[in-house]
Q: 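Below: one structure in structure tokens.
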Protein chains: 2
Amino acid sequence: MSNNHLIRQAHLFRTLMHPARLAILEALRDGEECVCHLEAHLGYRQAYISQQLAVLRKAKLIVDRRDGLNVFYRIARPDILTLLDITRAMVGGSVSADLRAAKAVDCPCPKCAGSLVPSAAALP
Amino acid sequence: MSNNHLIRQAHLFRTLMHPARLAILEALRDGEECVCHLEAHLGYRQAYISQQLAVLRKAKLIVDRRDGLNVFYRIARPDILTLLDITRAMVGGSVSADLRAAKAVDCPCPKCAGSLVPSAAALP
DNA sequence: TTGATTTATGCAGGAATTTGAATATAGTAT
DNA sequence: ATACTATATTCAAATTCCTGCATAAATCAA
């Protein structure tokens with residue numbers, strides 16, 4: 001009886017068991033984001049984000065890329081998004097429309113800086 | 001920020017987090033089965049099966065139907081099978097081929113009785 | 001009713017996980 | 001080198017969960 005598959009499947013589901021981790025994956029849906037962005041976007045403390053990122057990273061669901069001070073994370077396998085779509089539909093609700101809408105947040109990283117209207121601090 | 005979806009999604013994943021529950025769902029893939037069948041097929045004790053069935057039932061993933069002494073369970077929403085297929089593919093391995101192969105087990109319920117070669121106990 | 005069979009539930013010990021605070025590491029700039 | 005920023009990790013407390021035992025409920029037969 002090869003239940004190794006079942007165990008690995010269960011581990012995968014276990015990784016997806018937490019709302020914060022699901023929120024992180026949804027935030028990464030459109031492409032890579034730095035930790036500071038996730039912090040500002042999702043409203044969790046930095047250490048907490050980092051911990052949940054570590055769980056997702058160890059499960060090989062996301063991968064990181066360092067660029068200077070910032071670390072950018074992205075989804076490692078696209079099929080995880082299909083999984084999120086299906087379950088999202090199962091519990092009712094369109095896919096992450098609300099989450100994407102709130103994407104313009106004040107994040108200091110170079111990538112996010114361009115996508116914002118100039119803040120007051122940048123003006124004379 | 002409507003994270004109700006995320007919470008419900010997380011609950012769904014939490015329900016699928018356990019190998020025994022996944023095994024039960026796989027056993028129900030081809031149609032309804034009674035508890036005694038699951039007991040014999042999966043090799044868990046009766047109380048344990050019943051507990052895991054209760055978890056799945058409360059999550060509305062399976063429904064029960066009583067027929068005399070026996071209670072038959074079946075999958076409540078087919079899309080859960082799609083979910084299992086996708087994750088099964090993600091962790092590697094074909095869908096439940098091994099589980100279905102071992103389906104002929106000695107189970108006393110009326111439904112299973114017909115699908116077995118006559119056991120020694122039924123002969124004079 | 002009594003007894004037998006099938007399934008469900010309540011409870012307690014122990015294991016695993018989440019959570020938050022404190023601290024450590026890596027990179028950049030002065 | 002020192003200071004500073006961004007991210008990671010460690011550690012302990014609290015909560016939650018799994019597991020197994022004992023027992024209860026439901027159904028049928030005599």
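The model shown is predicted, which means the values in this text are computed figures rather than measured ones. Just so we're on the same page: letters track the sequence lines, and every chain starts at 1.
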Q: Report yes or no: does A/R66 contribute a side-chain atom to a donor-acceptor pair with the main-chain N or O of A/V71 at less than 3.5 Å?
A: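 No, because the side chain of A/R66 does not come within donor-acceptor range (under 3.5 Å) of the backbone of A/V71.
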Q: Taking the side chain as C-beta and beyond, is there a heavy-atom pair between A/L12 and B/F13 under 4.5 Å?
A: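 Contact flag for A/L12/B/F13 side chains = no.
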Q: Nearest whole angstrom, please: distance from the C1' of D/dC18 to the CD1 of B/I24.
A: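 Between C1' of D/dC18 and CD1 of B/I24: 14 Å.
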Q: To the closest 0.5 Å, what do you measure between CD (A/E32) and CG (A/N70)?
A: 10.5 Å
Q: Sort me out a list of protein N/O and nucleotides 27-30 of chain C N/O pairs below 3.5 Å, or just none if empty.
A:
none

Q: Name all pairs fulfilling the side-chain hydrogen bond (donor to acceptor under 3.5 Å, both in side chains) condition that reach into residues 14-25 of chain B, sequence neighbours left out, sorted by first residue then second.
A: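 Pairs touching residues 14-25 of chain B that pass the test: B/R21-B/Q52.
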Q: Rounded to whole Å, how long is the line connecting atom CD of A/E39 with atom P of D/dA6?
A: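 Computing the A/E39:CD to D/dA6:P distance gives 9 Å.
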Q: Once you round it to whole Å, what is the distance between C1' of D/dC18 and CE of B/M17?
A: 8 Å
Q: Rounded off to whole Å, could you give me the CD1-to-C1' distance for the B/I49 and C/dA8 pair?
A: 13 Å
Q: Salt-bridged, B/D85 to B/R29, with N to O below 4.0 Å?
A: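 Yes, this pair counts.
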Q: Looking just at side-chain N and O atoms, do A/R57 and A/Y73 make a donor-acceptor pair shorter than 3.5 Å?
A: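 Indeed, the side chains of A/R57 and A/Y73 share at least one donor-acceptor pair under 3.5 Å.
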Q: Between the side chains of B/R45 and B/E39, is the shortest nitrogen-to-carboxylate-oxygen separation below 4.0 Å, so that they form an ion pair?
A: no
Q: Do any N or O atoms from the side chain of B/R74 and from the backbone of B/A76 form a donor-acceptor pair under 3.5 angstrom?
A: no
Q: When the distance from NZ of A/K58 to P of D/dT10 is rounded to whole Å, what number comes out?
A: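 After rounding, the reported distance stands at 8 Å.
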Q: Tell me whether the OP1 or OP2 atom of D/dA8 has a side-chain N or O from A/Y73 closer than 4.0 Å.
A: yes
Q: Roughly how many Å is it from CG in A/L53 to P in D/dT9, rounded to a whole number?
A: 10 Å
Q: Got a list of protein N/O to nucleotides 19-21 of chain D N/O distances below 3.5 Å?
A:
unit_1 : atom_1 : unit_2 : atom_2 : d
D/dT19 : OP1    : B/H18  : NE2    : 3.3
D/dT19 : OP2    : B/H18  : NE2    : 2.5
D/dT19 : OP2    : B/Y48  : OH     : 2.9
D/dG20 : O6     : B/Q51  : NE2    : 2.6

Q: Does a side-chain N or O of A/R14 approach OP1 or OP2 of C/dT17 to a distance below 4.0 Å, or not?
A: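 Answer is yes, contact under 4.0 Å.
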Q: Among the nucleotides C/dA8, D/dT16, D/dT9, which one has an atom lying closest to any side-chain atom of A/R57?
A: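 Nearest listed nucleotide: D/dT9.
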Q: Starting from C1' on C/dT18, measure out to CD1 on B/I7 and report it in whole angstrom.
A: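 It works out to 15 Å between those atoms.
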Q: At what distance, to the nearest 0.5 angstrom, does CD of B/Q9 lie from OG1 of A/T87?
A: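 So the gap between those two atoms works out to 3.5 Å.
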Q: From CG of A/L16 over to P of C/dT17, roughly how many Å is that when rounded to an integer?
A: 15 Å
